[in-house]
**Student:** 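Sharing a structure, written as structure tokens. Questions coming.
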Amino acid sequence: MRVVTTAQPLDVQPTPLALLLLGREADPKSERGVECPGDLPSPSDPDLVARARAAKEKLGDKVFILGHHYQRDEVIEFADVTGDSFKLAKDAAAKPEAEYIVFCGVHFMAESADILTSDDQKVVLPDLAAGCSMADMATAEQVAECWDVLTEAGIADATVPVSYMNSSADIKAFTGKHGGTICTSSNAKKALEWAFEQGEKVLFLPDQHLGRNTAVRDMGMSLDDCVLYNPHKPNGGLTVQQLRDAKMILWRGHCSVHGRFSVDSVNDVRARIPGVNVLVHPECKHEVVAAADYVGSTEYIIKALEAAPAGSKWAIGTELNLVRRLANRFAAQDKEVVFLDKTVCFCSTMNRIDLPHLVWTLESLAEGTLVNQIQVDKETESFAKLALERMLALP
């Protein structure tokens, strides 16, 4: 005889991390937000494209949609402008008549747009869970502790912080408050040159690879001039003497996408495609950058392919959505463009901005309901803007 029992609910409480990943909680100490109120349309809804068009048309000039290069094609289709994070933030600032700036990117990008736009404009992120793992690797508390370590070592006064654009508003504000500047992957060398005119050392946040590659590849420093500060170890895992000897104090952060590429990826693509040009982003590891033929920002990658001769072959080391879009674009010009790695490598948080989220956002705005507004507090904004203005003043 078989006894059938009714399953009882397990007395299990979801962890904060589980709720965070499910998008049901928010962590105010994290760079990314996660709460996304409202009912999203089904991703299988065949009318999504038509709904997005109708909502955008209803909003007219009141809305300006920014699309980062790493976004899905279905989202890029509705972007008024495309570009990298800083270009898009500047584009938003140059559109003062737009009441709503819908930023199809990630959290720190929307923060930068809010800093650079007027108080009358409202910056919206379609999914607040679209964060950035790199930006999350440097929190305000960790960086403040690091500065205390540098102060105790007697080198804080000689150190200038340089923070990558891919950082939270809190980190940008710290940078501005301590006399530093922001940089992009395009102007990192200029930013470092400026910083070394102000002081003897640089604290580079939060991407170690961009900092190392710029210092060694572009400025002629040695790897020994660089030390890696690990915020999870006492004193960053470094001795006082190591800190005093270093020129570049690199934060232990990285891009989860670009960090996946390896020298094996480069060797493999060269073996498979004779005569291929390997072009990678400077967020890649130093050994990958050293093995590549060309290195440059997202905008550099696009321009390099535009200028490339017909018949040329290219392996690109950056986010897959962009590489796939470039491959389709340049196939008609007889330019072969392939992804550097064999494994799929999307930016998972960037991909959280999908068509259902965009439709929900546009329809909500069209109905007069403001959703997912990104607002940086005034004090943070003032110091972050100071750092950004120092970058804008670079020659």
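In this chain, numbering begins with 1 at the start of the sequence shown. Please read these numbers as outputs of a predicted model, since none were measured by experiment.
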**Student:** List the atom of Gly179, the atom of Val160, and the distance in Å for their closest heavy-atom pair.
**Tutor:**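 Closest approach of Gly179 to Val160, heavy atoms only: O-CG1, 3.8 Å.
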**Student:** Please confirm whether the backbone N or O of Ala50 pairs with a side-chain atom of Asp47, one donor and one acceptor, at under 3.5 Å?
**Tutor:**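 No.
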**Student:** Is it the case that the side chain of Thr361 and the backbone of His357 share a donor-acceptor pair, with hydrogens and angles ignored and the cut-off at 3.5 Å?
**Tutor:**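 Yes, because the side chain of Thr361 sits within donor-acceptor range (under 3.5 Å) of the backbone of His357.
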**Student:** Check this for me, if you would: do Asp170 and Lys177 make a salt bridge, where the nitrogen-to-carboxylate-oxygen distance has to be below 4.0 angstrom?
**Tutor:**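 No.
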**Student:** Could you go through the salt bridge (charged side-chain N to carboxylate O under 4.0 Å, His left out) check for Asp218 and Lys189 one step at a time?
**Tutor:** CA-CA 7 Å; Asp218 299 335; Lys189 181 182 178 183; over 6 Å; no
**Student:** Would you kindly confirm whether Leu386 and Trp147 end up in one hydrophobic cluster when ILVMFWY residues are joined by side chain heavy atoms under 4.5 Å apart?
**Tutor:**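 No, Leu386 does not connect to Trp147 through the hydrophobic network.
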**Student:** Any side-chain heavy atom of Leu192 sitting closer than 4.5 Å to one from Met248?
**Tutor:**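 Leu192 reaches Met248 side chain to side chain.
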**Student:** Would you check if there is a donor-acceptor pair between the side chains of Tyr229 and Gln208 at a distance under 3.5 Å?
**Tutor:**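 Not at all, the side chains of Gln208 and Tyr229 share no donor-acceptor pair under 3.5 Å.
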**Student:** Please determine whether a side-chain nitrogen of the Lys or Arg among Lys335 and Glu306 lies less than 4.0 Å from a carboxylate oxygen of the Asp or Glu.
**Tutor:**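 No, this pair does not count.
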**Student:** Identify whether the distance between the nearest side-chain nitrogen and carboxylate oxygen of Arg51 and Glu363 falls below 4.0 Å.
**Tutor:**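 A salt bridge links Arg51 with Glu363.
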**Student:** Can you give me the closest heavy-atom contact between Thr117 and Val123, atom names plus distance?
**Tutor:**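 The pair with the smallest heavy-atom distance is OG1-CG2, 3.9 Å.
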**Student:** If you take all heavy atoms of His286 and His209, which pair is closest and at what distance?
**Tutor:**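 Residues His286 and His209, closest heavy atoms: N-ND1, 4.4 Å.
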**Student:** Are Tyr70 and Thr318 linked by a side-chain donor-acceptor pair shorter than 3.5 Å?
**Tutor:**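 Yes, side-chain donor-acceptor contact under 3.5 Å.
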**Student:** May I ask you to decide if the ring planes of Tyr294 and Trp314 are parallel, tilted or perpendicular, using 30° and 60° as cut-offs?
**Tutor:**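 If you compare the ring of Tyr294 with that of Trp314, the planes turn out tilted.
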**Student:** Looking only at the side chains, is there a donor atom on one of Asp268 and Ser265 sitting less than 3.5 Å from an acceptor on the other?
**Tutor:**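 On atom types as modelled, these side chains do not qualify, holding no pair under 3.5 Å.
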**Student:** Is there side-chain contact between Lys172 and Ser112, with at least one heavy-atom pair below 4.5 Å?
**Tutor:**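 Yes, side chains in contact.
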**Student:** Look at the side-chain heavy atoms of Ile, Leu, Val, Met, Phe, Trp and Tyr, link any pair under 4.5 Å apart, and say whether Leu205 and Leu150 land in one connected group.
**Tutor:**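 Yes, Leu205 and Leu150 fall within the same hydrophobic cluster.
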**Student:** Would you give the length of the straight line joining atom CG of Leu279 to atom CG of Leu340, rounded to the nearest 0.5 angstrom?
**Tutor:**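 With rounding to 0.5 Å, CG (Leu279) is 9.5 Å from CG (Leu340).
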**Student:** Are the side chain of Thr159 and the backbone of Ile155 linked by a donor-acceptor contact shorter than 3.5 Å?
**Tutor:**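 Yes, because the side chain of Thr159 sits within donor-acceptor range (under 3.5 Å) of the backbone of Ile155.
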**Student:** I'd like to know if the side chain of Asp334 and the backbone of Ala310 have a donor-acceptor N/O pair within less than 3.5 Å.
**Tutor:**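 No.
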**Student:** Tell me whether Met137 shares a hydrophobic cluster with Leu228, the cluster being built from Ile, Leu, Val, Met, Phe, Trp, Tyr side chains joined at under 4.5 Å.
**Tutor:**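 Different clusters: Met137 never reaches Leu228 through Ile, Leu, Val, Met, Phe, Trp or Tyr contacts under 4.5 Å.
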**Student:** Would you please say whether a donor-acceptor pair under 3.5 Å links the side chains of His69 and Glu299?
**Tutor:**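 Note: His69 and Glu299 side chains meet the donor-acceptor criterion.
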**Student:** Compare every heavy atom of Thr151 with every heavy atom of Ala156, then report the nearest pair and how far apart it is.
**Tutor:**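 Heavy-atom minimum between the residues: CB-OG1, 3.4 Å.
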**Student:** I need the minimum non-hydrogen distance between Leu392 and Lys90, along with the two atoms involved.
**Tutor:**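 Smallest interatomic distance, heavy atoms only, reads CD2-CD, 4.3 Å.
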**Student:** Taking C-beta and beyond as the side chain, do Val323 and Val337 meet within less than 4.5 Å on heavy atoms?
**Tutor:**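 The answer is yes, as the side chains (C-beta and beyond) meet within the 4.5 Å cut-off.
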**Student:** Give the minimum heavy-atom separation between Ala153 and Val240, together with the two atoms involved.
**Tutor:**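 Where Ala153 meets Val240 most closely, the heavy atoms are CB-CG1, 4.1 Å.
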**Student:** In Å, rounded to the nearest 0.5 Å, how long is the span from CG of Asp225 to CZ of Arg212?
**Tutor:**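 If I round to the nearest 0.5 Å, the distance is 12.0 Å.
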**Student:** Quick check on Asp73: does its CG atom have over 12 non-hydrogen neighbours (other residues, nucleotides or ligands) under 6.0 Å away?
**Tutor:**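 It does: Asp73 CG has more than 12 such atoms within range.
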**Student:** Verify the distance criterion only: is there a donor paired with an acceptor across the side chains of Thr369 and Ser364 at less than 3.5 Å?
**Tutor:**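 The criterion, which ignores hydrogens and geometry beyond distance, is not satisfied for Ser364 and Thr369.
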**Student:** I need the Arg72 CZ to Leu358 CG distance, nearest 0.5 Å.
**Tutor:**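 It comes to 11.5 Å.
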**Student:** Salt bridge between Asp224 and Lys247, side-chain N to carboxylate O under 4.0 Å?
**Tutor:**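 The answer is no: the pair does not qualify as a salt bridge.
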**Student:** Kindly determine whether Ile182 and Val162 satisfy side chain to side chain contact (heavy atoms under 4.5 Å, CB included), including the steps that lead there.
**Tutor:** CA-CA 6 Å; Ile182 308 302; Val162 175; over 6 Å; no
**Student:** Where the side chain of Lys87 meets the backbone of Thr82, is there a donor-acceptor pair that is under 3.5 Å apart?
**Tutor:**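 A pair under 3.5 Å: yes.
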**Student:** Has Thr214 got a side-chain atom pairing as donor or acceptor with Leu210's backbone, closer than 3.5 angstrom?
**Tutor:**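 Side chain of Thr214 to backbone of Leu210, a donor-acceptor pair under 3.5 Å: yes, one is there.
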**Student:** Between Lys122 (side chain) and Glu99 (backbone), is there a donor-acceptor pair under 3.5 Å?
**Tutor:**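 The answer is no, because no donor-acceptor pair under 3.5 Å joins these two groups.
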**Student:** Can we call the ring centroids of Phe261 and Phe339 under 6.0 Å apart?
**Tutor:**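 That pair passes the under 6.0 Å test.
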**Student:** Ignoring hydrogens and angles, state whether a donor on the side chain of Asn328 or Arg325 is under 3.5 Å from an acceptor on the partner side chain.
**Tutor:**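 Checked: Asn328/Arg325 side chains show no N/O donor-acceptor pair below 3.5 Å.
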**Student:** Could you state the interatomic distance from OG (Ser185) to CG (Asn166), rounded to the nearest 0.5 Å?
**Tutor:**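 Rounded to the nearest 0.5 Å, the OG-CG separation comes to 7.5 Å.
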**Student:** Ignoring hydrogens and angles, state whether a donor on the side chain of Thr184 or Asn187 is under 3.5 Å from an acceptor on the partner side chain.
**Tutor:**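 Asn187 and Thr184 do have a side-chain donor-acceptor pair below 3.5 Å.
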**Student:** How far does CG of Leu59 sit from CD of Glu367, to the nearest 0.5 angstrom?
**Tutor:**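 These two atoms lie 10.0 Å from each other.
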**Student:** For atom CD of Glu145, is the number of surrounding heavy atoms from other residues, nucleotides or ligands below 6.0 Å larger than 12?
**Tutor:**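 Counting other residues, nucleotides and ligands, CD of Glu145 stays at 12 neighbours or fewer.
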**Student:** What I want to find out is whether Arg252 reaches Asp207 closely enough, with some N-O distance under 4.0 Å, to be called a salt bridge.
**Tutor:**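 The answer is no: the pair does not qualify as a salt bridge.
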